[in-house]
Peer 1: 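One structure follows; several queries about it will come next.
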Amino acid sequence: MSTAPAPTTTLDDRPVPVRAKLAAVWTSFMFLYAYVDILGFYTPGVVADILDGKVFTFDLSQTFSISALTLMAVPILMVTLSLTLPARASRTANLVVAALYVPVTVFNVAGGFYLYYYGLGVVLELVLLALVVRYAWTWPRTAPSATSPGPRREAVTSRPA
């Protein structure tokens, strides 16, 4: 007769790779960015203005549509780029794009009629951008092995908190 092993009380909690964290944050940012805009259509007068060819103070045109698509495409592409670029390029791209999206995100509150709604959206987006900067800035480094000469490298054991 065999006995079942005793159940464990702790969960397996392996570290998540930086690339996966960055891709997850960009995915969250992209969904939040789109969802704030989509729910904004329920604000009285917004759809009527769109039907009249206006968004905020901008005329609807091909230029506006290309600009809007570009603003959405960048975080969408950052999901893939965070996972596929070489580490140094990924880190740099994440730092640069997150920094560039801070003023873009803050500007979005100017077009909002519901200050608390758009304000909350902007705060949440800024928190996500701060996470991108934190994860990219604290990307773990490698150090040359002290015991072996040459190009072989091993991970540094200390990580920032």
Side-chain angles (χ1 to χ4, degrees), residues 12-143 151 153 155-156 158-161:
D12 184 16
D13 193 17
R14 295 184 183 151
V16 177
V18 175
R19 291 177 182 280
K21 288 179 185 180
L22 290 167
V25 174
W26 281 116
T27 301
S28 297
F29 178 86
M30 185 268 309
F31 277 116
L32 186 61
Y33 193 88
Y35 207 70
V36 167
D37 284 347
I38 291 166
L39 282 179
F41 291 143
Y42 294 98
T43 304
V46 169
V47 173
D49 287 347
I50 291 170
L51 293 174
D52 287 338
K54 288 271 190 203
V55 171
F56 185 45
T57 61
F58 304 106
D59 290 328
L60 288 176
S61 64
Q62 183 164 260
T63 301
F64 174 85
S65 296
I66 289 171
S67 299
L69 176 60
T70 301
L71 282 175
M72 281 307 305
V74 172
I76 291 168
L77 293 173
M78 286 307 296
V79 174
T80 301
L81 293 176
S82 295
L83 292 169
T84 59
L85 286 175
R88 184 178 300 271
S90 180
R91 179 178 188 261
T92 301
N94 276 281
L95 290 170
V96 169
V97 172
L100 290 174
Y101 262 74
V102 168
V104 170
T105 300
V106 171
F107 174 76
N108 284 335
V109 81
F113 299 104
Y114 292 156
L115 184 58
Y116 294 130
Y117 170 73
Y118 283 100
L120 176 60
V122 166
V123 166
L124 294 172
E125 290 169 10
L126 290 174
V127 166
L128 291 171
L129 290 172
L131 278 175
V132 169
V133 169
R134 181 177 186 267
Y135 292 148
W137 189 262
T138 61
W139 196 308
R141 310 273 188 204
T142 58
R153 297 179 178 261
V156 174
S158 65
R159 292 187 347 201

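Side-chain atoms are counted along with the backbone in the values below, which use heavy atoms only and exclude waters and symmetry mates.
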Peer 1: Give, for atom CG of L100 and atom CG of L95, the distance between the pair rounded to the nearest 0.5 Å.
Peer 2: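 It is 11.0 Å, given to the nearest 0.5 Å.
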Peer 1: From I76 CD1 over to L69 CG, what is the distance, rounded to the nearest 0.5 angstrom?
Peer 2: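 With rounding to 0.5 Å, CD1 (I76) is 8.0 Å from CG (L69).
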Peer 1: Decide yes or no for N94 and Y135: does some side-chain heavy atom of the first lie under 4.5 Å from some side-chain heavy atom of the second?
Peer 2: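 They are not in contact (no side-chain heavy atoms under 4.5 Å apart), so the answer is no.
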Peer 1: Show your working on side chain to side chain contact (heavy atoms under 4.5 Å, CB included) between V55 and I50 and close with a plain yes or no.
Peer 2: CA-CA 6 Å; V55 171; I50 291 170; 4.0 Å; yes
Peer 1: Are the side chains of L128 and Y33 in touch, meaning some heavy atoms are under 4.5 Å apart?
Peer 2: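 Contact flag for L128/Y33 side chains = no.
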Peer 1: Should F31 and P75 count as side-chain neighbours, where that means a heavy-atom distance under 4.5 Å?
Peer 2: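 No, side chains not in contact.
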Peer 1: Between W26 and S82, which heavy-atom pair has the shortest distance, and what is it?
Peer 2: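 Nearest pair, atom of W26 first, then S82: CD1-OG, 3.6 Å.
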Peer 1: Can you name the nearest heavy-atom pair linking M72 to A34, along with the distance?
Peer 2: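 Answer, listing the atom of M72 first, then A34: CE-CB, 4.0 Å.
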Peer 1: Calculate, to the nearest 0.5 Å, the distance between atoms OH and CG belonging to Y35 and D37 respectively.
Peer 2: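 Atom-to-atom, Y35:OH and D37:CG are 12.5 Å apart.
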Peer 1: Rounded to the nearest 0.5 Å, what separates atom OH in Y114 from atom CG in L39?
Peer 2: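 The CG atom of L39 is 11.5 Å from OH of Y114, to the nearest 0.5 Å.
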Peer 1: When rounded to the nearest 0.5 angstrom, what is the spacing between CG in L22 and CZ in R91?
Peer 2: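 Here the interatomic distance stands at 10.5 Å.
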Peer 1: What closest approach, in Å, do L85 and A93 show between heavy atoms, and which atom pair accounts for it?
Peer 2: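 So the two residues come closest at CD1-CB, 4.1 Å.
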Peer 1: Distance from L71 atom CG to M30 atom CE, nearest 0.5 Å?
Peer 2: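 L71 CG to M30 CE: 14.0 Å, rounded to 0.5 Å.
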Peer 1: Write down the atom of A20, the atom of V16, and the distance for their closest heavy-atom approach.
Peer 2: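 Closest approach of A20 to V16: CB-CG1, 3.8 Å.
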Peer 1: Apply side chain to side chain contact (heavy atoms under 4.5 Å, CB included) to residues V133 and L129 and explain how you reach the verdict.
Peer 2: CA-CA 6 Å; V133 169; L129 290 172; 5.7 Å; no
Peer 1: Can you name the ring pair (Phe, Tyr, Trp, His ring centres under 6.0 Å) partners of Y101, sequence neighbours left out?
Peer 2: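 Result, ring pair (Phe, Tyr, Trp, His ring centres under 6.0 Å) vs Y101: F29.
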Peer 1: Is the backbone N or O of S61 less than 3.5 Å from a side-chain atom of S65, with the two atoms forming a donor-acceptor pair by type?
Peer 2: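 The answer is yes, because a donor-acceptor pair under 3.5 Å joins these two groups.
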Peer 1: Side-chain contact test, heavy atoms from C-beta onward, threshold under 4.5 Å: evaluate it for V36 versus E125 and give yes or no.
Peer 2: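 V36 vs E125: side chains touch.
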Peer 1: Do you know the tightest heavy-atom contact between G40 and Y117?
Peer 2: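 Smallest heavy-atom distance, with atoms named: N-OH, 3.7 Å.
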Peer 1: With side chain to side chain contact (heavy atoms under 4.5 Å, CB included) as the test, pick out the partner of W139 among R134, R19, K21, R88.
Peer 2: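 Only match with W139 under side chain to side chain contact (heavy atoms under 4.5 Å, CB included): R19.
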Peer 1: Evaluate K54 against L60 for side chain to side chain contact (heavy atoms under 4.5 Å, CB included), listing each step before the verdict.
Peer 2: CA-CA 5 Å; K54 288 271 190 203; L60 288 176; over 6 Å; no
Peer 1: Looking only at heavy atoms, what is the nearest atom pair of P140 and V18, with distance?
Peer 2: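 Looks like CD-CG2, 3.4 Å.
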